[in-house]
Every structure is written in structure tokens, then in C-alpha cells.
Amino acid sequence: MSKTKINRNILLLAILFFWNTGGVRSQLHRDSVYSDRPTLIHRVEIGGRPGYIIPTNKFLGGVNERSRPIRYAFSSHLKYAFQFHPDSRAGQIYRGAYQGIGFAYYNFDNSREIGNPKAAYLFQGATLAEITPRLSFDYEWNFGLSTGWNPYDYYKNPYNGMVGSKVNAYMNVNFYFRHLLSRYFDLIYGVTFTHFSNGNTKFPNAGLNVTDIKAGITYNINRQVNQLSQGLPGYGSLIRDFPRHVSYDVVFFGSWRRKGIVFNGEPMASPDKYTVLGFNINPMYNLGYKLRIGASLDGVYDNSANIYTEDYIISYGDPNPGYTFYKPAVNKQLALGLSARAEYVMPYFDVGVGVGANLLHGGGDLKGFYQILALKIKVTRHSFIHIGYNLQNFDTPNYLMLGLGLRLNNQHPQH
């Protein structure tokens, strides 16, 4: 081989080497840029929510100590959240998803009879629509506990037939606009709906519903760009093809509840607490990263189902001995139902709804349709904490569903 050809080949190899090295260097540079970006964006939010109390019972309507309707509320909120970086896989799949913990202080129009509750709650939200690079339409749910209520007391607080416990569940959903003001600050404003209830664990339990206007400021501690969820130019999508599959959730739950009946045309509360135990077995077809649908076999033992009382013969001058509540046979307190289920899947949490009917039951209280709202808090890849609420016929509070669950054949990709 001639010297000229050798030099030419060496030159070609050198060109290819530096070309490929440059490509590798460029790729390494891109990877470095990507890896240098924070995995999580942290933020703190403060806000206020002036609200209107929905008059769902006579206490709120004006049958109270002041003999006037209770209409207005105001709450202050302090929240911490973390968000996946837009250039991460989770950030691309769950656009704008964030989650965290919040604290709230409530002031009602009648604090003397209701109290000034404090709430601590978990929350999660995400972007529903990106309107402009600096404006998005988002949603958020809150779930937690509230304390500091002034419950019903026959002697000290006799009008308050709305709240019977000092501790109540706090549930909220809100829809709002997020406006990016700068690299660090966002302005948020929208509407919310809040529900307080003790889940029938104590009487009375009429519940309190508030609709609010939400406004606040968010400080983003380590955000690097003034943009909504938007990847770097030139980067390919990190979203992998989703393996559609059927997973199986098995849940065992329990709780306690109070029960009232209608006797001689008048509502009457039992003084006893009753146990509720149950299970759900639900195969779910995973359609994608965010949605699974399926069915559930629901079994329950409700120790309060079909309780009853009887008339008493009271002699003149004798004190009223009260009423004794009786429990029926066990087969009158067991039910097996079938429900349709759907779950919205997000990082750390799944929010599910279900509608079903008891197919095998003991009659009476166990007849009719039931509805389920459930939050599943993921503990490991195959286990979760289950917090649910059961309603009957779309309006009657039934019982809480506090339990643990296992997820079998989970092929949902990890992020």
C-alpha cells in the first residue's frame, strides 16, 4: 500500500474518530445538562379562602343560639409541595404533578357554637391544560383531619346538631389558574369545595360543606426556568410504551360507626358503637399510566345493619327507662356485592370511585345501591393503605373503610 493511501486512511480514521468523539461528547454534555437539573422542584404556598357555607341543615339555616343563618367562612393555608422536574420521566408522564402536606386554620361565622378548626392534610394536583407558557389550569385534592370543633352537647351546645365530634375528616377539591410571575413566584386563583364529616363514627354527623374562592402565592425554591411543564429542545421523550395488563387489588378494611333509626316517625340515635369489617377483590385493567378500570367483589359485615327497638310500657310516675337497641341474626348483617370501579393513577396516590349493589344480603338496610370513594396511598410496589367512604343510594352516609391492600401482577412501570 502506498504511503499516500496510508496517510489518506489515517486521515479518514482521524476524521471519523473526532466525529464520533464529538458525538459522544455532545451526548455526554446533554446527559450532563440533564443530570445537573434537580430531580424535584420544591415550593411553599400561602393562601386564603373566603367561603360560603351551604345551608344543608337547620342549625346552619338559623336554628341556633343567635337565631340567624350561618353563611360565611374564611381559611388560611400554609403548604409545602414537591414537583417532578419537567425533564424527568415522571414529569413528562404526569404533567405538572405535585404533592405535599398542608395546614389550615378555619374561622366560621359562628365560632362560639362551631369552633375554629385546624386541619392537617395531604394533597396532590396537576395541570389540566396549559393555556400559555405562563398560565395553566390546574386541579388539586386535599384529604386530612381537622380538630378544634365545638361538638353538640345537650347542656353546653344544644343547638349544634351538625357536628358531634371534636375531630372530623377534611376533604377538598379545587380547580384554579396558576400564573407564573417570575422564576420563583406564581399567583394562584380559583374555586374550591370543602366537606367536613366524621364518617358516622359519632352522632350527630350532618356535616359541613363550604364553597370557597382560592387565592395565594407560591414560592418555588429551586425552579430553574420560567416555564410550565416543557422539556428542553432537542430531547426525545422519556415516556416508555405502557404495558396494558390486568392487576388485582385485594383490600381488607374495618371501622366503627354509629347508627340511627326512625321509630314512631321520629329519628332516634343508638348509644352504641358498631363494628364494620369487609373486603374488596377487584381485578383492574390498566389502560395507561393514569387510568385503570374494572370491577370489584365487595363483602361486608355491618354490625349496625337492621338494628331495631321496641315500645316500652311505662307506669305513671316511673322514670323513662330509655330504649334498648337489638341486633338481628348475623345473616341479616352480611352482604356480598358487585361494583364497577375506576381509578385515576398518579405518583404515590390512586383516587378511585365505585358504584355497585349488594347481590346477596340480609335485606333491610343492606338493600339498594352503594357508592365508594377511595384513596390508595402507595407504600411499596405491591402494597398500599386504603382510606375509603361508603354511601348508600347516593345520599346516605354509611361507613368508613380503613384498611390495607395488596396489588398483584403490578406491571406499571417504575419511574
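Atom NZ of K118 has more than 12 heavy atoms from other residues, nucleotides or ligands within 6.0 Å. For OH of Y72, the number of neighbouring non-hydrogen atoms (other residues, nucleotides, ligands) closer than 6.0 Å is 12 at most. More than 12 heavy atoms of other residues, nucleotides or ligands shown are found within 6.0 angstrom of CG on L336. The environment of CH2 in W141 is crowded: more than 12 heavy-atom neighbours from other residues, nucleotides or ligands sit within 6.0 Å. Heavy-atom neighbours of I46 CD1 from other residues, nucleotides or ligands within 6.0 Å: at or below the threshold of 12. Enclosure of atom NZ in K79 by more than 12 non-hydrogen atoms of other residues, nucleotides or ligands within 6.0 angstrom is indicated. Annotation for Y159: atom OH does not count as buried by contact number, only 12 or fewer foreign heavy atoms lying within 6.0 Å.
Nearest heavy-atom pair, K156 versus R112, reported as atom, atom and distance to 0.1 Å: O-NH2, 3.7 Å. When all heavy atoms of P328 and Q333 are compared, the pair lying nearest together is CD-NE2, 3.6 Å. When all heavy atoms of V167 and S165 are compared, the closest pair comes out as O-OG, 3.0 Å. Heavy-atom minimum distance, N160 versus P204: O-CG, 4.0 Å.
When atom types are taken as modelled, the side chain of Q392 and the backbone of D365 share a donor-acceptor pair closer than 3.5 angstrom. Not one N or O on the side chain of T194 forms a donor-acceptor pair closer than 3.5 Å with the backbone of N172. With hydrogens and angles disregarded, a donor-acceptor distance shorter than 3.5 Å links the side chain of Q124 to the backbone of P347. Not one N or O on the side chain of N358 forms a donor-acceptor pair closer than 3.5 Å with the backbone of L360. When atom types are taken as modelled, the side chain of N157 and the backbone of E113 share a donor-acceptor pair closer than 3.5 angstrom. N64 places a side-chain N or O within donor-acceptor distance of the main-chain N or O of R66, the cut-off being under 3.5 Å. Within the 3.5 Å criterion, the main-chain N or O of H412 finds a donor-acceptor partner in the side chain of R381. At least one donor-acceptor pair closer than 3.5 Å links the side chain of R244 to the backbone N or O of L287. Between the side chain of N306 and the backbone N or O of K332, at least one donor-acceptor pair lies under 3.5 Å. With hydrogens and angles disregarded, no donor-acceptor distance shorter than 3.5 Å links the side chain of H85 to the backbone of G91.
Annotation: side chain of I53 is in contact with side chain of L60 (closest heavy-atom distance under 4.5 Å). At a threshold of 4.5 Å between non-hydrogen side-chain atoms, the residues L406 and F252 do not count as touching. Residues L297 and N282 are not in side-chain contact: their nearest non-hydrogen atoms beyond the backbone lie 4.5 Å or more apart. The closest side-chain heavy-atom distance from V191 to Y176 is not below 4.5 Å. No side-chain heavy atom of I188 sits under 4.5 Å from any side-chain heavy atom of F177.
Side-chain contact of Q411 with N409: a donor-acceptor pair under 3.5 Å is present, judged by distance alone. Donor-acceptor pairing under 3.5 Å is recorded for the side chains of N116 and S111. In this model, no donor atom of one side chain and acceptor atom of the other lie less than 3.5 Å apart for R258 and N200. A donor-acceptor pair shorter than 3.5 Å cannot be found between the side chains of S247 and H245. E45 and Y80 share no donor-acceptor pair across their side chains, judged by distance under 3.5 Å alone. A side-chain N or O of K214 and one of N174 form a donor-acceptor pair less than 3.5 Å apart. Between the side chains of R257 and S255, no donor N or O sits under 3.5 Å from an acceptor N or O. When only modelled atom types and interatomic distance are considered, D298 and Y370 share a side-chain donor-acceptor pair under 3.5 Å. With 3.5 Å as the limit, one finds no donor-acceptor pair spanning the side chains of D212 and S75. Between the side chains of N222 and H42, no donor N or O sits under 3.5 Å from an acceptor N or O. Side chain to side chain, N280 and D249 fail the donor-acceptor criterion of an N or O pair below 3.5 Å.
Residues F196 and Y170 place their aromatic rings such that the two centres sit under 6.0 Å apart. Here the two rings, on W149 and F108, have centers that are under 6.0 Å apart.
Here R178 pairs with D138 in a salt bridge; the nearest charged N to carboxylate O distance falls below 4.0 Å. R223 and D186 are joined by a salt bridge, as a carboxylate oxygen and a charged side-chain nitrogen come within less than 4.0 angstrom of each other. A salt bridge does not link K290 with E343: every distance from a Lys NZ or Arg NE/NH1/NH2 to an Asp or Glu carboxylate oxygen is 4.0 Å or more. Between K327 and D272, no side-chain nitrogen of the basic residue sits less than 4.0 Å from a carboxylate oxygen of the acidic one, so the salt-bridge criterion is not met.
Using a 30° and 60° split on the angle between ring planes, Y399 and F253 fall in the parallel class, below 30°. Using the six-membered ring where Trp is involved, Y94 and Y289 have ring planes that are perpendicular, over 60° apart on the 30 and 60° scheme. Using bins of under 30°, 30° to 60° and over 60° for the plane-to-plane angle, the ring pair Y219/F185 lands in the tilted bin.
Under a cutoff of 6.0 Å and an axis angle of 45°, K378 and Y348 do not form a cation-pi pair.
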| task | Tell me, with the steps shown, if Y121 and F103 meet ring pair (Phe, Tyr, Trp, His ring centres under 6.0 Å). | result | CA-CA 6 Å; Y121 54 90; F103 303 92; 7.6 Å; no
| message | The test is ring pair (Phe, Tyr, Trp, His ring centres under 6.0 Å); show your working for F175 and Y139 and say whether it passes. | response | CA-CA 4 Å; F175 299 92; Y139 79 90; 7.0 Å; no
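When the options I377, L122, L400, L373 are evaluated for a side chain to side chain contact (heavy atoms under 4.5 Å, CB included) with I387, the one that passes is I377.
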